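Shown next, in structure tokens, is the structure this report addresses.
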Amino acid sequence: MTDEIADEILVGGRWRRGTGEAVTSRSPLTGGVLARLRGAGPGDVDEAVRAGAAAAADPAWRGLRPHERARHLVRIADLIAERAGDLAALQTADTGKSINETRALVASAEGTFRYFAAALETMEGAVTPPRGPYLTMSVHEPIGVVGAITPWNSPIASDAQKIAPALAAGNAVVLKPAEWTPLVALALGRLACDAGLPPGLLSVLPGPGPVTGDAIVRHPGIGKVSFTGGTATGRRIGAVAAEKIMPVSLELGGKSPTIVFPDADRAQAVAGLLFGIFSSSGQSCVAGSRVFVHASIYDEVLEELVDRAGRLRVGPGTDPATQVAPMVAHAHRDRVAAMVGAAVEAGARLRCGGRAPEGEEYEKGAYYLPTILDGVPDDAAICQEEVFGPVLVALPFEDEDDLVARANATVYGLACGIWTGDYRRAWRVARRIEAGTVWINTYKQFSVSTPFGGVKESGLGREKGRDGIQAYTRQKSLYWGLDEDPLPWAGDTAG
């Protein structure tokens, strides 16, 4: 790629240069420039929202029957499948993720469009029980223009989880991808155009959050914002939404506990713990970053985790054998390293990792070794703050009630993992844990048919599932009068 700022963005159905700040995509593998482009400024946002409002209100879109709208989603899914190899390679280049993971994310995006195309045809209004001489109905209608703001850790899957249900509901979408990783979202926008999606229904506006994202959230023509990202940003979006009386969906941070009981299948649990924290290089909102292990097996499990973590394959995302790829950016790698360094200075024991790997092949990449810490109290910063990197904190426990209290003792409530052979215990503990998702004898498995979201400061609202379409609608009640007599009215003298 050249250093010239020349790449185009999708604004209201037109591919053109943005008018905002420069955006640079850099390779996590080498630090070199992949692409430079001009991001979207407030004027671009306004143009995109106005074009989206017109496209969403056009009878050519708004008047489509559900099965006709579903065909657009299916065509997008077909093109994702057709271009899967290129999309996966592009996402690996832009994010540093392993090619195996980006292939899975592309397949997930394809499946998301297909699922919501199918679910769209099953959506029904309701005829509610009447309580008078009338027929009552409840229906759902499009909001109009939806703002979708997605993170850098799994762009195409996150993009699809917002675009597909919003389009299925009959809306237009203004998408802002993360500033660090804009390329695959732009490729998805071009793909949607090639699939015949009517112009204006999808805009892709890269740019800094405080500029482009803020302009989207505050624009009076945006009827809802769906955001996935950090809790601090989510709180600011929620404040603006409160001023506008606007609905929001917020999928935010996590500090997810994983729990190993003495009767767990040891091999299954250790493999699951390693996958839960070190896949995606720990850059996952549901990463199992705190592991509570029963005291009777704590030393053995920790020893095995340390041994296995030290043998994970660290390398470039382009190598199918890689298990831990570079982090998204050198600046983010340095932030993670600083958090680990602060924890060690505060008294944490470093059991493995805690540094970049050595060797010429690692010098330019944003690498960080799988890291395990223990010997820290539950209120330590490393146990309370989201690291968003390959860092696991190990904690022993003895009593189930105490365990639940400790597992819940963070501001977050996104996910949890439980490893046990006792189904009664699994049910009991799962119901007591404050989290939107609990995995039992597995971890980081996702289904587009199953709602996903968090509690406490991990978020508000749910994505996925059939109700994921209704999350992008407004509900309306209809009353059909059946009484031929006039409404009774005090003082009515008509005769």
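Everything numeric in this text was worked out from a predicted model, so none of it was measured.
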Salt bridge (Lys or Arg N to Asp or Glu O under 4.0 Å) evaluation trace for Asp58 with Arg62: CA-CA 6 Å; Asp58 190 329; Arg62 188 177 179 89; over 6 Å; no

No-hydrogen, no-angle side-chain donor-acceptor test under 3.5 Å, Ser477 and Ser138: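 Judged by distance alone, the side chains do not pair up.
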
Basic-acidic side-chain contact under 4.0 Å: Arg313, Asp319: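 Yes, charged N to carboxylate O under 4.0 Å.
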
NZ/NE/NH1/NH2 to OD/OE distance under 4.0 Å, Arg235 and Glu457: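 Counted as a salt bridge, because a side-chain N and a carboxylate O are separated by less than 4.0 Å.
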
Where at least one partner belongs to residues 172-217, residue pairs that pass ring pair (Phe, Tyr, Trp, His ring centres under 6.0 Å), sequence neighbours excluded: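 Of all non-adjacent pairs touching residues 172-217, those that pass ring pair (Phe, Tyr, Trp, His ring centres under 6.0 Å) are Trp152-Trp180.
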
side-chain hydrogen bond (donor to acceptor under 3.5 Å, both in side chains) evaluation trace for Thr95 with Thr181: CA-CA 6 Å; Thr95 66; Thr181 56; over 6 Å; no

side-chain contact (heavy atoms from CB on, under 4.5 Å) assessment of Ile99 paired with Thr318: CA-CA 5 Å; Ile99 191 67; Thr318 51; 5.8 Å; no

Taking only residues at least two apart or on different chains, which pairs with a member in [range] satisfy salt bridge (Lys or Arg N to Asp or Glu O under 4.0 Å)?
{"range": "residues 79-89", "result": "Arg83-Asp194"}
{"range": "residues 157-169", "result": "Lys162-Glu463"}
{"range": "residues 274-292", "result": "none"}

Does the side chain of [X] reach to within under 4.5 Å of the side chain of [Y], using non-hydrogen atoms?
{"X": "Thr450", "Y": "Lys464", "value": "no"}
{"X": "Val225", "Y": "Leu250", "value": "no"}
{"X": "Pro326", "Y": "Tyr368", "value": "no"}
{"X": "Val448", "Y": "Gln161", "value": "no"}
{"X": "Cys383", "Y": "Leu395", "value": "yes"}
{"X": "Asp94", "Y": "Pro182", "value": "yes"}
{"X": "Val387", "Y": "Ile382", "value": "yes"}
{"X": "Leu197", "Y": "Cys193", "value": "no"}

Arg16/Asp44 under salt bridge (Lys or Arg N to Asp or Glu O under 4.0 Å): CA gap, chis, key distance, verdict: CA-CA 10 Å; Arg16 62 168 178 78; Asp44 301 315; 2.7 Å; yes

Criterion side-chain contact (heavy atoms from CB on, under 4.5 Å) on Lys244 and Ile222, from CA distance to verdict: CA-CA 10 Å; Lys244 292 176 63 179; Ile222 292 289; 4.0 Å; yes

List the residues meeting ring pair (Phe, Tyr, Trp, His ring centres under 6.0 Å) with [X], not counting sequence neighbours, and say none if there are none.
{"X": "Tyr367", "result": "Tyr362"}
{"X": "Tyr443", "result": "Trp439"}
{"X": "His72", "result": "Trp61"}

Give, for atom [atom1] of [X] and atom [atom2] of [Y], the distance between the pair rounded to the nearest 0.5 Å.
{"X": "Glu385", "Y": "Thr231", "atom1": "CD", "atom2": "OG1", "answer": "11.5 Å"}
{"X": "Ile163", "Y": "Asn171", "atom1": "CD1", "atom2": "CG", "answer": "12.5 Å"}
{"X": "Ile372", "Y": "Leu369", "atom1": "CD1", "atom2": "CG", "answer": "11.5 Å"}
{"X": "Glu434", "Y": "Leu414", "atom1": "CD", "atom2": "CG", "answer": "13.0 Å"}
{"X": "Phe452", "Y": "Thr228", "atom1": "CZ", "atom2": "OG1", "answer": "8.5 Å"}
{"X": "Thr150", "Y": "Ile156", "atom1": "OG1", "atom2": "CD1", "answer": "11.0 Å"}

In residues 275-286, what donor-acceptor pairs under 3.5 Å come from side-chain atoms, sequence neighbours left out?
from   : atom 1 : to     : atom 2 : distance (Å)
Ser279 : OG     : Phe275 : O      : 2.5
Ser279 : OG     : Lys444 : NZ     : 2.8
Ser280 : OG     : Glu101 : OE1    : 3.3
Ser280 : OG     : Glu101 : OE2    : 2.5
Ser281 : OG     : Ala325 : N      : 3.4
Ser281 : OG     : Ala325 : O      : 2.6
Gln283 : OE1    : Val328 : N      : 2.9
Gln283 : NE2    : Ser280 : O      : 3.3
Ser284 : OG     : Val286 : N      : 3.3

Side-chain donor/acceptor of [X] to backbone N/O of [Y], under 3.5 Å:
{"X": "Asp378", "Y": "Arg406", "answer": "no"}
{"X": "Ser249", "Y": "Ser226", "answer": "no"}
{"X": "Thr371", "Y": "Gly354", "answer": "yes"}

side-chain hydrogen bond (donor to acceptor under 3.5 Å, both in side chains) between Ser27 and Lys364, worked out: CA-CA 10 Å; Ser27 166; Lys364 294 182 179 180; over 6 Å; no

side-chain contact (heavy atoms from CB on, under 4.5 Å) evaluation trace for Leu87 with Ile80: CA-CA 8 Å; Leu87 290 169; Ile80 291 175; 4.2 Å; yes

Name all residues meeting the side-chain hydrogen bond (donor to acceptor under 3.5 Å, both in side chains) criterion together with [X]; count only those two or more places apart in sequence or in a different chain, and write none if there are none.
{"X": "Arg466", "value": "Thr122"}
{"X": "Ser158", "value": "Ser154"}
{"X": "Glu179", "value": "none"}

Worked check of salt bridge (Lys or Arg N to Asp or Glu O under 4.0 Å) between Glu47 and Arg50: CA-CA 5 Å; Glu47 180 181 335; Arg50 291 178 183 276; over 6 Å; no

Full working for side-chain contact (heavy atoms from CB on, under 4.5 Å) between Thr322 and Val314: CA-CA 6 Å; Thr322 289; Val314 179; over 6 Å; no

Partner of His140 by side chain to side chain contact (heavy atoms under 4.5 Å, CB included), out of Met123, Lys476, Gln470, Arg474: Gln470

Axial cation check for Tyr412 ring with Lys456, 6.0 Å and 45° limits: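 Checked: cation-pi criterion not met.
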
Salt bridge (Lys or Arg N to Asp or Glu O under 4.0 Å) involving Arg190 - partner list, sequence neighbours excluded: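 Counting only residues at least two positions away or on another chain, Arg190 forms no salt bridge (Lys or Arg N to Asp or Glu O under 4.0 Å).
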
Verdict with reasoning, Asp78 to Arg114, per salt bridge (Lys or Arg N to Asp or Glu O under 4.0 Å): CA-CA 9 Å; Asp78 288 343; Arg114 294 198 192 282; 2.9 Å; yes

